[in-house]
Amino acid sequence: MNFVIEMRRHLYILMLFAKNSIISQMEYRANFVTGIFVEAAFLVAKLLYVVVVYKTNIHIDGLTPDTILMFMGTHILLTGIYMGLFFNNFQRLTEYVRTGMLDLMIVKPISLQFLVSVRHIEVGMPIPNIIAGSIMVSIGWSASDIPFTLLNILLFIIFIFIATILTYCIMIIPPLLSFWFVNTSAASEISYSVWDANNMPKLIYNKWIQRIGTFIIPVFIVTNYAPLIVLHKLTKVEMVWGILAPLIFFMLIRMLWKQALKVYSSSNL
């Protein structure tokens, strides 16, 4: 019962964060529009991969270009979700630690991890990615003759939610390292490179890379499992791991967060 109450409380606060973020960004509408155009320009570069896939008529282990489009669309969709929910917050976390501003947040009557993770929600920049990714998934879904059943749609949404949790767990690691190290830019660059390398089906990599990217650093679950589940290409083991992975890795991140607070020099924790 207490868990449900806390969930409702945090969802309410999240809505307040979103509302305040929208109001704040609307005060500077030129920046809001500019951000959309800048991200749209980056998106155009990403879409060149789609042109290459169709122009060369690539088939990957039985996956047609239309099916591959679903994987690429899922990657772009989740990029938009990451940009909207976490990107700005993770960048600010490093600054909070460096300047000691985290002290002011520790005393707030709310989960500190929740506060620093979703306090600032970006509204404009994710729009091109979310729209383009959704369209790509829809086109690939239809062209691959996957039935638009309620079950398939529900499964896809569930695995997008799972992917969002895993995205959080993977991408928060470099900012958390700032509790121990002064400069974590190298770790951030590595995480972005790994993220960008995940825009194609995992089948293009060898078995060892697939295992590492699925069970150790579960980046392949992020963009592969949602399309694979509606294509009926997930094994039972993969389905079980897809459900367990976000729970396990979130608990690991929670433990890492608590350890990070213990070494925070301005904290009394």
Side-chain angles (χ1 to χ4, degrees), residues 36-37 39-85 125-167 170 193-207 209-210 213-214 218-243 245-246:
I36 293 176
F37 277 106
E39 193 58 32
F42 281 114
L43 178 61
V44 170
K46 295 176 186 176
L47 292 178
L48 292 176
Y49 287 104
V50 179
V51 175
V52 172
V53 167
Y54 277 95
K55 196 170 180 96
T56 57
N57 194 29
I58 291 176
H59 286 65
I60 301 174
D61 197 20
L63 300 177
T64 66
D66 292 326
T67 309
I68 295 171
L69 184 65
M70 282 187 64
F71 290 81
M72 300 175 75
T74 303
H75 177 264
I76 291 175
L77 171 62
L78 284 160
T79 298
I81 294 174
Y82 167 67
M83 293 292 293
L85 291 177
M125 291 177 65
I127 290 176
N129 287 299
I130 291 176
I131 293 176
S134 300
I135 292 173
M136 291 168 66
V137 169
S138 299
I139 292 174
W141 189 313
S142 178
S144 301
D145 294 324
I146 301 171
F148 276 97
T149 64
L150 180 61
L151 177 60
N152 277 343
I153 294 171
L154 182 61
L155 287 172
F156 189 86
I157 292 173
I158 289 172
F159 275 92
I160 288 294
F161 178 72
I162 287 171
T164 301
I165 297 174
L166 288 173
T167 298
I170 294 169
S193 297
V194 170
W195 179 265
D196 289 337
N198 193 32
N199 67 338
M200 295 288 284
K202 66 177 182 177
L203 298 171
I204 66 174
Y205 300 103
N206 64 44
K207 294 295 184 182
I209 294 179
Q210 289 185 41
T214 301
V219 66
F220 287 146
I221 297 178
V222 173
T223 59
N224 279 255
Y225 273 36
L228 287 174
I229 190 68
V230 296
L231 287 166
H232 303 293
K233 289 183 177 290
L234 278 185
T235 66
K236 291 182 179 179
V237 172
E238 289 173 327
M239 289 182 65
V240 171
W241 176 242
I243 295 171

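Small disclaimer: the values here were computed from a predicted structure and weren't measured. Only this structure's heavy atoms are used, side chains among them; waters, hydrogens and symmetry mates stay out.
Taken from OG1 in T167 to OH in Y82, the straight-line distance is 9.0 Å, to the nearest 0.5 Å. In this structure, the separation between CD1 on I221 and CG on L228 is 11.0 Å, given to the nearest 0.5 Å. With rounding to the nearest 0.5 angstrom, the CZ atom of F42 is 13.5 Å from the CG atom of L47. Residue Q210 holds its CD atom at 5.5 Å from CG of L203, rounded to the nearest 0.5 Å. For the atom pair NZ of K233 and CG of L63, the computed distance is 5.5 Å after rounding to the nearest 0.5 Å. Rounding to the nearest 0.5 Å gives a distance of 11.0 Å between CG of L231 and CG of D145.
Other residues, nucleotides and ligands place no more than 12 heavy atoms under 6.0 Å from the OH atom of Y49.
No donor-acceptor distance shorter than 3.5 angstrom exists from the side chain of N152 to the backbone of V230, with no hydrogens or angles considered. Looking at N129, its side chain never comes within 3.5 Å of a backbone N or O of T79 through a donor-acceptor pair. Checking side-chain atoms of N224 against main-chain N and O of K202 turns up a donor-acceptor pair under 3.5 Å. Side-chain atoms of E39 do not come within 3.5 Å of backbone N or O of P126 as any donor-acceptor pair. No donor-acceptor distance shorter than 3.5 angstrom exists from the side chain of S142 to the backbone of S138, with no hydrogens or angles considered.
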| request: Quick one: do N206 and I209 satisfy side chain to side chain contact (heavy atoms under 4.5 Å, CB included)? Show the steps, please. | output: CA-CA 6 Å; N206 64 44; I209 294 179; 3.4 Å; yes

| said: If you apply the rule side chain to side chain contact (heavy atoms under 4.5 Å, CB included), what do you find for V137 with F156, and how did you get there? | reply: CA-CA 10 Å; V137 169; F156 189 86; 3.7 Å; yes

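Residues T214 and Y225 are in side-chain contact: their nearest non-hydrogen atoms beyond the backbone lie under 4.5 Å apart. Here the side chains of M72 and V53 are in contact, with some heavy-atom distance below 4.5 Å.
Side chain to side chain, T67 and T64 meet the donor-acceptor criterion of an N or O pair below 3.5 Å.
Pairing each heavy atom of D66 with each of S144, the nearest pair is C-OG, 3.7 Å. What you find for L69 and G140 is that their closest heavy atoms are CD2-N, 3.9 Å. Closest non-hydrogen pair, W141 versus M70, comes out as N-CG, 3.5 Å. When all heavy atoms are compared, the tightest approach of N198 to V219 is ND2-O, 2.7 Å. Between A163 and V222, the closest heavy-atom pair is CB-O, 3.2 Å. Closest heavy-atom contact between I81 and I130: N-CG1, 4.3 Å.
Under the 30°/60° scheme for interplanar angles, the aromatic rings of H75 and W195 are found to be tilted.
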